[in-house]
Amino acid sequence: MNNPYVTIVIPCYNEEDVLEDTLQQLGQLLENMIEDSMVAPASDLLFVDDGSKDNTWDILEMSKYSFVKGLKLTRNSGHQNALYAGLMAAKDQADCVISIDADLQDDINAIPKMIEKYMLGNEIVYGVRSKRDTDTFFKRTTALGFYRFMNKIGIDLVENHADFRLMSSRALHELSNYKEQNLFLRGLVPLIGLPSSTVAYERKERKAGESKYPLKKMLSFAFDGITSFSVAPIRLVTMIGLLSVILSSAAGLYALTQKFLGHTESGWTSLIISIWLIGGLQLLGIGLLGEYIGKIFTEVKRRPKYAIEIDKYTKKNTVFPSVHLEGTRND
Ligand code: UDP
Ligand code: MG
């Protein structure tokens, strides 16, 4: 096999604080890899600007490296959609694509190792964190609990793997066949089932700027992951409902015999507790059903997951405003 055309995809949302450093580091790495003939000379970096409101796009345009390319989305579409936009743009052009976050918390020295594993015939190579020392205790324990829970309810996740991975063009074409709207890439990719491998690395702290995943977003991401892949929560609610029906029938029978035996109870406590309990369970059940119906609602619309404003990668959808103006001028 010849040395592969590698595209590194980096989603960026308001990353002006880290971007220059990221450009520098990834640029240097790519230069070295091209020099060592590890990757094809055409290899490039594809930054996806996810509707940033700061200078992210300008910094990209001013880069000194010719292999820095950009895809500008019309608006903020979210990390998963921005990443997906990059992957889909690259799938017909590159031999393999590596995705990494703009803050370079993931160790870029794992990239050459990923390419080595790819050359050995793996279509997907997962970057896996060997330690999570740099994460807060809270993030570490909640993340671990999440992976355990997901595995329990039958969702296959690669433990301690986020979105730092290599995918071959073939794997990306398979991925493009998954038409769902609610993207949870780290759940989808293992479903593809092509030969895969892992590379271990140590995750660093974010150097500058702040996390774009505050607790609220993290929770909604986790909840999305669960409800996009499993109906286990619905089953759980059904089971709880069934159990409470059985229990309350038994309690009802007990109450009736007590009544006929003449031991009339004041009964207020048991009554009020059951009202609250049943009411709560019903609400829980309805809410959960609503969640899935909501999913169906967004899925059936088949809305595009993102729109590209400027494409400086494939140049297929290029809509440079200047070109438009010149084309319509008549004088
Ligand atoms: N990101 C994005 N769109 C968003 C939010 C985040 O493209 O709406 C990008 C962000 O620029 C970064 C990556 O997704 O490259 C991961 O975000 P972050 O590092 O803030 O998440 P954390 O590492 O804290 O989980
Ligand atoms: Mg980060």
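Both ligands and their constituent atoms are indexed starting at 1 by order of listing. The model shown is predicted, which means the values in this text are computed figures rather than measured ones.
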Please identify which atoms of ligand 1 are closer than 4.0 Å to at least one heavy atom of [X].
X    : value
P11  : 7 (O), 9 (C), 10 (C), 11 (O), 12 (C), 15 (O)
E15  : 10 (C), 11 (O), 12 (C), 15 (O)
R203 : 23 (O)
Q105 : 19 (O), 23 (O)
N76  : 3 (N), 4 (C), 8 (O)
C12  : 7 (O), 11 (O)

query: With backbone taken as N, CA, C and O and side chain as the heavy atoms from C-beta onward, which portion of D50 lies under 4.0 Å from ligand 1: side chain, backbone, both, or neither?
result: side chain
query: Looking at T314 and A89, what are the two nearest heavy atoms and their distance?
result: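 Smallest interatomic distance, heavy atoms only, reads CG2-O, 3.4 Å.
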query: In terms of hydrophobic clusters joined by side-chain contacts under 4.5 Å, are L157 and M218 together?
result: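 Per the 4.5 Å side-chain linkage, L157 and M218 are not co-clustered.
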E20 atom CD, neighbour heavy-atom count above 12 within 6.0 Å: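 Not more than 12 within 6.0 Å, no.
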For residues 189-201, which side-chain donor-acceptor pairs fall under 3.5 Å, sequence neighbours excluded?
unit_1 : atom_1 : unit_2 : atom_2 : d
S197   : OG     : K117   : NZ     : 3.4
Y201   : OH     : D106   : OD1    : 2.8

message: Consider salt bridge (Lys or Arg N to Asp or Glu O under 4.0 Å). Of D103, D21, D17, which one does K207 pass it with?
response: D21
message: Under a plain distance cut-off of 3.5 Å, with no hydrogens placed, do K91 and S176 share a side-chain donor-acceptor pair?
response: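 Judged by distance alone, the side chains do not pair up.
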query: Protein N, O or S atoms at less than 2.8 Å from the Mg ion (ligand 2), how many?
result: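 Atoms of protein N, O or S type lying less than 2.8 Å from the Mg ion (ligand 2) total 2.
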